[in-house]
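Reminder, nothing fancy here: chain letters follow the sequence lines and each chain counts from 1. Quick note: numbers below take in every heavy atom, side chains included, and nothing from hydrogens, waters or symmetry partners.
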Protein chains: 2
Amino acid sequence: MTTTAERSLASNVTKAEAWRAYFETTALLTTQLEKLMKAESGLDFGDFNLLLVLSETPGQRLRLGELAKAVAFGPGRLTYRIDQLVRRGLVERRPCPEDRRGFEAVLTPEGHRALRRARPLHARHVNDLLLDHLTDEQAQMLLEVFGPLRSRLTS
Amino acid sequence: MTTTAERSLASNVTKAEAWRAYFETTALLTTQLEKLMKAESGLDFGDFNLLLVLSETPGQRLRLGELAKAVAFGPGRLTYRIDQLVRRGLVERRPCPEDRRGFEAVLTPEGHRALRRARPLHARHVNDLLLDHLTDEQAQMLLEVFGPLRSRLTS
DNA sequence: GTTGAGTAGTTCAGATTTGAAATACCCGTG
DNA sequence: CACGGGTATTTCAAATCTGAACTACTCAAC
């Protein structure tokens, strides 16, 4: 027979294993993806995600704070990264009219081109490493797990 | 009617969304976990994982290279981190008898204690942030997705 | 045993990240 | 309009990470 306590214990064991698998594998996955991306396009993961977020926003512009939240960067890190992108001409830093404390990052045409070049590489690697190995149900489940989690963590 | 092409397109869209949710949420999650861990125990994520891996190994010792693989650290990074841990007395670096090029990291009693202290904190946060929100089926699925992926990436 | 290709770890310089101030501005209240 | 607490971003030093040499050793072939 299986008691409630035993069932809940078994569940916790599975959950612990799930955490380990998820956590350790994610480290491997992002490491490898990062390496591939940096080697093949000139954009590392951080660059790519910043440009991606910008590209999806109306006017391809975003307040620095919003951008920071979107990619989970602290303020110092964001300033540094944006400086880098500005120096490379992929992004413009422009003072914000409504709030003189603020700035917005604007995707430049170069930035757009760089993103366009990098995107298929990125997609290919993500497919190769992860998505092609997922059933539709698994993908659905990932969405159901991480979507709500994102809201919870963001709020 | 739904053609094969349309179905596969829909599937790819879901998969792309799943990737975004997974990837972005993981960044948020690890950031917050890192912050909580560092604040409450003296161990950050890297320390914790190194000690954890060591603690699970027979004799609580492991060749540096193995350890590096286990936590997905490059060689320079591992040397740096192990130095840190040695300095704090949590790990001992000991020459390897069978191979004079090599060293093994050994968990010290202090290291064991530090891990013992940190573990419940870690578990609590992981539960709060993620595991408590998962159904058993979802946990099972995470295991089924990331377990094989780990093997694939490790090999 | 000498040579030479390969492996384990370290070192070092440069790049990036962190965390804690510092600066400039916003906004509500008196 | 002056005050003061809050927000947006930058700055700076210290910590950490990366990648490319470099050192010391192994192992197999000659």
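Atom CD of B/E34 is separated from atom C1' of C/dT18 by 10 Å (rounded to the nearest Å). Rounded to a whole Å, the CZ atom of A/R81 is 10 Å from the C1' atom of C/dT17.
Using bins of under 30°, 30° to 60° and over 60° for the plane-to-plane angle, the ring pair A/F23/B/F45 lands in the perpendicular bin. Ring-plane geometry between B/W19 and B/Y22 is classed as perpendicular, the angle between the planes exceeding 60 degrees on a 0 to 90 degree scale with a lower cut at 30.
Residue pairs meeting the ring pair (Phe, Tyr, Trp, His ring centres under 6.0 Å) criterion with at least one member in residues 61-108 of chain A: none, sequence neighbours excluded.
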(request) Show the numbers, then the answer: is there a side-chain contact (heavy atoms from CB on, under 4.5 Å) between B/L51 and B/L107? (result) CA-CA 7 Å; B/L51 297 184; B/L107 196 60; 3.5 Å; yes
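On the nucleic acid side, DNA chain D has its first and last nucleotide under 4.0 Å of a heavy atom of chain B at D/dA15 to D/dT26, going 5' to 3'.
Counting heavy-atom neighbours within 6.0 Å of B/R100 CZ, excluding the residue itself, gives a total of 12 or less.
Rounded to the nearest 0.5 angstrom, A/D47 CG and A/L90 CG are separated by 7.5 Å. A distance of 10.5 Å separates OG1 of A/T14 from CD of B/E137, quoted to the nearest 0.5 Å.
In this structure the side chain of B/R61 reaches within 4.5 angstrom of the side chain of B/R94, judged on heavy atoms.
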(request) Produce a footprint string for nucleotides 2-14 of chain C: one letter per nucleotide, 5' end first; B if the base is under 4.0 Å from any protein heavy atom, S if only the sugar-phosphate is, - if neither. (result) ----BBSSBB---
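Looking at heavy-atom distances under 4.0 Å, A/K38 makes contact with sugar-phosphate atoms alone, never a base.
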